[in-house]
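Inspection log for the structure reproduced underneath, given as structure tokens.
Just so we're clear, the structure is a prediction, and the values are computed from it rather than from any experiment.
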Amino acid sequence: MKKVYGTAAEALDGLVHDGMFIAAGGFGLCGIPELLIDALVESKVKDLTIASNNCGVDGFGLGKLLDTRQIKKMISSYVGENAEFMRQYLSGELELEFNPQGTLAERMRAGGAGIPGFYTKTGVGTVIAEGKEVKNFDGQDYILERGIVADLSIVKAWKADDTGNLVFRKTARNFNPPAAMCGKVCVAEVEEIVPRGSLDPDLIHLPGIYVHRIIQGSHEKRIEQRTTRKKEAV
């Protein structure tokens with residue numbers, strides 16, 4: 001089965017539709033699928049529900065889809081760094097389902113592993129628990145969280161072979177593996193496609209069985225918060 005496509009638009013062809021549910025990898029601007037997000041903007045698909053740790057920044061990453069009003073609902077852990085995200089949420093233009101980061105990652109991983117739900121202590125006694133089943137184990141209350149199964153996953157990796165085996169680079173690994181796992185179809189953009197058999201099996205972070213389409217491209221890799229110090233006098 002062909003997995004390597006020439007462009008992001010080609011890789012998303014036939015997969016996107018209005019009202020779909022997308023899981024997106026990345027944390028802040030680290031390891032985000034920049035090219036696939038741009039292709040979604042160009043597709044003009046609308047009423048999207050997106051599960052992602054956050055929603056990029058103003059004018060970049062998933063923030064571009066906010067600017068074009070293509071997102072109906074975000075399932076996220078963090079709203080900061082994006083003024084438009086906060087504005088749309090506070091004005092009632094955007095639905096928001098808050099998830100603690102570990103819970104969101106596990107919801108994605110569980111969905112990809114065929115686990116429909118799990119119990120966690122995180123959020124017990126807070127607004128996170130409202131409307132959710134509570135069960136007591138060994139004298140402690142836990143809330144039921146449902147696994148996430150998305151229509152489409154979009155992720156960013158460092159290297160791939162043509163079968164879809166993925167290697168992520170350092171912290172860019174973040175939410176990408178669980179996001180990739182939970183999609184009915186997963187499209188990955190990578191910096192380099194290497195020959196089959198050249199990846200050390202022990203270093204593969206995500207097996208190709210989870211990945212359906214791949215593109216290779218150049219990435220801006222914008223820095224979200226640039227922190228420097230003054231040069232010390234010699």
Side-chain angles (χ1 to χ4, degrees), residues 19-28 30-33 47-56 61-62 71-82 85-86 88-90 92 94-157 164-166 168 170-188 204-212:
M20 71 183 307
F21 184 9
I22 297 175
F27 186 103
C30 179
I32 64 171
D47 295 329
L48 300 173
T49 295
I50 298 182
S52 182
N53 177 67
N54 59 296
C55 201
L62 290 173
I71 302 176
K72 179 180 72 173
K73 178 180 178 179
M74 285 297 304
I75 302 174
S76 293
S77 301
Y78 184 56
V79 180
E81 315 304 333
N82 193 318
F85 191 172
M86 291 187 285
Q88 288 190 26
Y89 169 57
L90 293 174
L94 177 71
E95 297 177 47
L96 175 60
E97 181 182 334
F98 269 124
N99 273 211
Q101 285 184 343
T103 299
L104 180 57
E106 180 62 11
R107 289 184 67 193
M108 291 179 176
R109 190 204 68 81
I115 299 170
F118 59 92
Y119 287 94
T120 177
K121 282 184 65 64
T122 306
V124 171
T126 73
V127 294
I128 298 296
E130 291 180 1
K132 296 176 181 175
E133 179 186 331
V134 179
K135 191 166 183 176
N136 190 279
F137 294 91
D138 302 321
Q140 299 288 322
D141 285 340
Y142 294 76
I143 58 176
L144 176 65
E145 294 283 0
R146 296 296 306 271
I148 286 175
V149 178
D151 297 314
L152 172 68
S153 294
I154 53 172
V155 299
K156 161 80 187 312
N165 292 314
L166 300 184
F168 301 94
K170 300 183 178 180
T171 56
R173 190 171 174 179
N174 53 58
F175 272 76
N176 277 297
M181 292 172 66
C182 75
K184 296 176 183 176
V185 177
C186 174
V187 182
I204 292 171
H205 297 134
L206 188 76
I209 192 171
Y210 288 107
V211 181
H212 302 84

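Looking at residues two or more places apart in sequence or on another chain, you find a side-chain hydrogen bond (donor to acceptor under 3.5 Å, both in side chains) between Y78 and E81. D47 meets the side-chain hydrogen bond (donor to acceptor under 3.5 Å, both in side chains) test with no other residue; sequence neighbours excluded. E97 meets the salt bridge (charged side-chain N to carboxylate O under 4.0 Å, His left out) test with K73, R107; sequence neighbours excluded. Qualifying side-chain contact (heavy atoms from CB on, under 4.5 Å) partners for I209, counting only residues two or more places apart in sequence or in other chains: P207. Scored by the ring pair (Phe, Tyr, Trp, His ring centres under 6.0 Å) test, F21 finds no partners at all (sequence neighbours excluded). Applying the side-chain contact (heavy atoms from CB on, under 4.5 Å) rule to V79 yields the partners F85, M86, L96, F98; only residues at least two apart in sequence or on another chain are considered. Listed by chain and residue number, nothing satisfies the side-chain hydrogen bond (donor to acceptor under 3.5 Å, both in side chains) test with T126 (two or more places apart in sequence, or in another chain). Here N82 pairs with nothing under the side-chain hydrogen bond (donor to acceptor under 3.5 Å, both in side chains) rule; sequence neighbours left out.
Scanning both residues, A179 and A23, for their nearest heavy atoms gives O-CB, 4.0 Å. For the residue pair A24 and L62, the shortest heavy atom distance occurs at CB-CD1, 4.2 Å. Closest approach of F27 to Q101, counting heavy atoms only: CE1-NE2, 3.3 Å. Between V211 and A188 the shortest heavy-atom distance is CG1-CB, 4.1 Å. Pairing each heavy atom of N165 with each of G208, the nearest pair is OD1-N, 2.8 Å.
Evaluation of the ring-ring contact (aromatic ring centres under 6.0 Å, His included) test over residues 99-118, restricted to residues two or more places apart or in two chains, returns none. Counting only residues at least two apart or in different chains, salt bridge (Lys or Arg N to Asp or Glu O under 4.0 Å) contacts with residues 120-139 comprise K132-E145. Sorted by first then second residue, the salt bridge (Lys or Arg N to Asp or Glu O under 4.0 Å) pairs that include residues 171-187, not counting sequence neighbours, are D151-K184. Applying the ring-ring contact (aromatic ring centres under 6.0 Å, His included) test to residues at least two apart or on different chains, the pairs with a partner in residues 127-155 are Y119-F137, F137-Y142.
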Q | side-chain contact (heavy atoms from CB on, under 4.5 Å) evaluation trace for L166 with I204 | A | CA-CA 6 Å; L166 300 184; I204 292 171; 5.9 Å; no
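Separating the OG atom in S77 from the CZ atom in F175 is a distance of 5.0 Å, to the nearest 0.5 Å. Taking CG of L48 as the start and CE of M74 as the end, the distance is 10.0 Å to the nearest 0.5 Å. Rounding to the nearest 0.5 angstrom, the gap separating the CD1 atom in I154 from the SG atom in C186 is 9.5 Å. Atoms OG1 and CG, from T122 and N99 in turn, are 10.5 Å apart once rounded to the nearest 0.5 Å.
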